[in-house]
Amino acid sequence: MIRIVTDNGSDITLEEARALNVERVVLETAFEDGPCPMDTDEDYALFYEKLKKSDKLPITSRPAPQQYLDIYLDAKEKGDGVVVVALSSGLSGTYESACVARDMAEYENIRVIDSHQAVMSQRILVEHAVKLRNSGRTLDEIVSGVKDVRHRVRVMGVIGSLVYLRKGGRIPPALALIGDALGIKPVITVTNKVIQPLGKVRGVKAGIAMMYKMMDEDGIDPAFAPCFGYTSNKEMGESLMRDTMEKYGVRRAGLSRVSGIIGTHLGTDSVGVAYVKKHEE
């Protein structure tokens with residue numbers, strides 16, 4: 001048997017992981033009053049309620065290597081193979097923890113993949129690994145298949161408010177105040193393993209138009225269902241998914257709430273999309 005392992009940086013809930021037959025390690029997210037669970041959609045919703053009320057951003061910590069080691073040693077005992085699809089090494093030490101535990105396990109049938117991605121785009125890679133596993137591919141064929149797709153995955157989002165960038169010390173308070181008053185919305189993506197800006201626009205509609213421009217240039221590979229994400233406003237996510245599916249003739253798509261791992265920095269009322277590019281760069 002081959003076991004697929006990921007982390008909650010992929011926004012995959014505990015219930016979804018069970019349905020996919022995926023094992024999940026956890027990055028802890030803690031406010032000043034203690035850790036905030038990140039197992040269910042209800043946990044994610046509670047996170048954003050707390051985020052609105054908190055003066056300080058929560059702190060997120062990588063999974064301890066022991067979380068991976070427990071899985072690896074159990075797999076070693078049973079003779080199972082393991083493929084880990086980890087949150088981008090440019091955003092977290094999660095990949096490093098998985099590698100440290102691999103070396104400790106001293107078991108040759110473990111493969112650790114740096115997804116280079118996060119949230120919905122990491123989810124796409126995890127689901128692709130599951131599909132390959134379920135179709136009977138070998139350990140190394142799964143790794144090769146995920147890496148073949150990895151460089152074509154795109155994730156983009158429109159940040160709903162500058163407040164959370166201010167709380168994180170990324171922009172001055174005065175700039176955040178003026179920017180929100182003017183309706184400035186940063187549009188971001190994950191490139192070279194880290195979150196980078198695509199631009200700044202006035203209003204969510206203009207932000208979505210910027211994402212559509214990128215999607216027009218990329219094309220969408222119909223073999224992979226796009227995944228839409230939202231932080232606190234499900235209606236925004238549903239609207240983006242519906243409009244995008246109609247615009248591009250997409251037949252299959254997924255919608256999920258962004259967990260607090262990356263949502264800490266995106267804040268409330270943010271929305272985004274991930275897809276596999278049809279045309280290679």
Side-chain angles (χ1 to χ4, degrees), residues 4-12 22 24-30 38 57-65 67-68 83-103 110-129 143-159 162 164-165 167-171 186-200 210-211 214 218 224 226-227 229 231 256 258-267 270-277 280-281:
I4 308 296
V5 182
T6 193
D7 52 79
N8 56 339
S10 66
D11 300 338
I12 292 174
V22 164
R24 180 176 169 272
V25 300
V26 178
L27 289 80
E28 185 177 273
T29 302
M38 285 290 160
L57 293 183
I59 297 173
T60 300
S61 57
R62 70 169 77 179
Q67 288 194 57
Y68 288 106
V83 176
V84 179
V85 183
L87 177 63
S88 171
S89 61
L91 299 173
S92 165
T94 302
Y95 172 73
E96 182 182 359
S97 288
C99 290
V100 167
R102 177 197 58 199
D103 296 341
I110 300 170
R111 306 289 186 271
V112 182
I113 303 172
D114 181 349
S115 73
H116 297 185
Q117 303 293 331
V119 293
M120 299 91 70
S121 54
Q122 184 181 349
R123 175 191 286 266
I124 286 175
L125 293 179
V126 173
E127 291 178 348
H128 186 48
V143 173
S144 178
V146 171
K147 288 184 175 180
D148 282 346
V149 173
R150 180 177 63 183
H151 71 285
R152 291 197 292 127
V153 180
R154 171 92 72 185
V155 62
M156 299 179 288
V158 183
I159 294 181
L162 300 178
Y164 303 95
L165 295 177
K167 287 182 179 181
R170 296 175 184 269
I171 60 173
V187 182
I188 60 171
T189 187
V190 175
T191 304
N192 297 325
K193 304 184 186 181
V194 298
I195 295 174
Q196 295 187 359
L198 278 176
K200 294 178 182 177
M210 180 177 285
M211 293 196 297
M214 188 68 71
D218 289 338
F224 298 87
C227 186
T231 55
S256 60
V258 177
S259 75
I261 307 306
I262 302 299
T264 293
H265 308 287
L266 303 181
S270 296
V271 67
V273 59
Y275 57 94
V276 176
K277 296 182 283 186
E280 297 189 14
E281 296 178 352

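For reference, positions follow the sequence shown, starting with 1.
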> Which atom pair, heavy atoms only, marks the closest approach of Arg123 to Cys227?
CD-SG, 3.6 Å
> Kindly determine whether Met38 and Leu27 satisfy side-chain contact (heavy atoms from CB on, under 4.5 Å), including the steps that lead there.
CA-CA 8 Å; Met38 285 290 160; Leu27 289 80; over 6 Å; no
> Do the side chains of Val187 and Met214 get nearer than 4.5 Å, heavy atoms only?
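Heavy-atom side-chain distance check fails, nothing below 4.5 Å.
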> To the nearest 0.5 Å, what is the distance between CG on Leu87 and CD1 on Ile262?
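It is 5.5 Å, given to the nearest 0.5 Å.
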> What heavy-atom pair brings Val153 and Gln117 nearest, and what distance separates the two atoms?
O-NE2, 3.6 Å
> Within the structure provided, determine whether Val258 and Met120 are in side-chain contact (heavy-atom separation under 4.5 Å).
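Side chain of Val258 against side chain of Met120, heavy atoms only: contact under 4.5 Å found.
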> Check whether the side chains of Asp114 and Ser89 place a donor and an acceptor atom closer than 3.5 Å, and report yes or no.
yes
> Do you know which two heavy atoms are closest between Pro65 and Ala101, and how far apart they sit?
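Nearest heavy atoms, Pro65 then Ala101: O-CB, 3.3 Å.
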> Does the side chain of Asp7 reach to within under 4.5 Å of the side chain of Tyr95, using non-hydrogen atoms?
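Sidechains of Tyr95 and Asp7: no contact.
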> Can you name the closest pair of heavy atoms from Gln122 and Ala86 and give their distance?
NE2-C, 3.6 Å
> CD1 of Ile110 to CG of Asp103: how many Å apart, nearest 0.5 Å?
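The CG atom of Asp103 is 9.0 Å from CD1 of Ile110, to the nearest 0.5 Å.
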> Let me confirm one number: the CZ-CD1 distance from Arg150 to Ile124, rounded to the nearest 0.5 Å.
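The CZ atom of Arg150 sits 15.0 Å away from the CD1 atom of Ile124.
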> Thr189 versus Arg154: any side-chain heavy-atom pair under 4.5 Å?
yes
> Return the CD1 to CG distance between Ile113 and Leu125, rounded to the nearest 0.5 Å.
8.0 Å
> Check Cys99 against Val112 and note the closest heavy-atom contact, atom names and distance.
SG-CG1, 4.0 Å
> Side chains of Val85 and Ser10: does their closest heavy-atom pair fall under 4.5 Å?
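Val85 vs Ser10: side chains apart.
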> Atom CZ in Arg152, atom OG in Ser121: separation rounded to 0.5 Å?
14.0 Å
> Hey, are the side chains of Thr94 and Tyr68 touching, using non-hydrogen atoms and a 4.5 Å cut-off?
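Yes, their side chains come closer than 4.5 Å.
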> Give the minimum heavy-atom separation between Thr231 and Gly267, together with the two atoms involved.
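Reported closest heavy-atom pair: OG1-O, 2.9 Å.
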> Please examine the side chains of Val119 and Leu266, heavy atoms only from C-beta on, and report whether any two atoms are closer than 4.5 Å.
no
> Does any part of the side chain of Ile195, heavy atoms only, come nearer than 4.5 Å to the side chain of His265, both counted from C-beta?
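No; the side chains remain at least 4.5 Å from each other.
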> May I ask you to decide if Arg24's main-chain N or O and Thr6's side chain share a donor-acceptor pair within less than 3.5 Å?
no
> To the nearest 0.5 Å, tell me how far Glu28 CD sits from Thr60 OG1.
9.0 Å
> Is a side-chain donor or acceptor of Gln67 paired with a backbone partner of Val26 at a separation under 3.5 angstrom?
yes
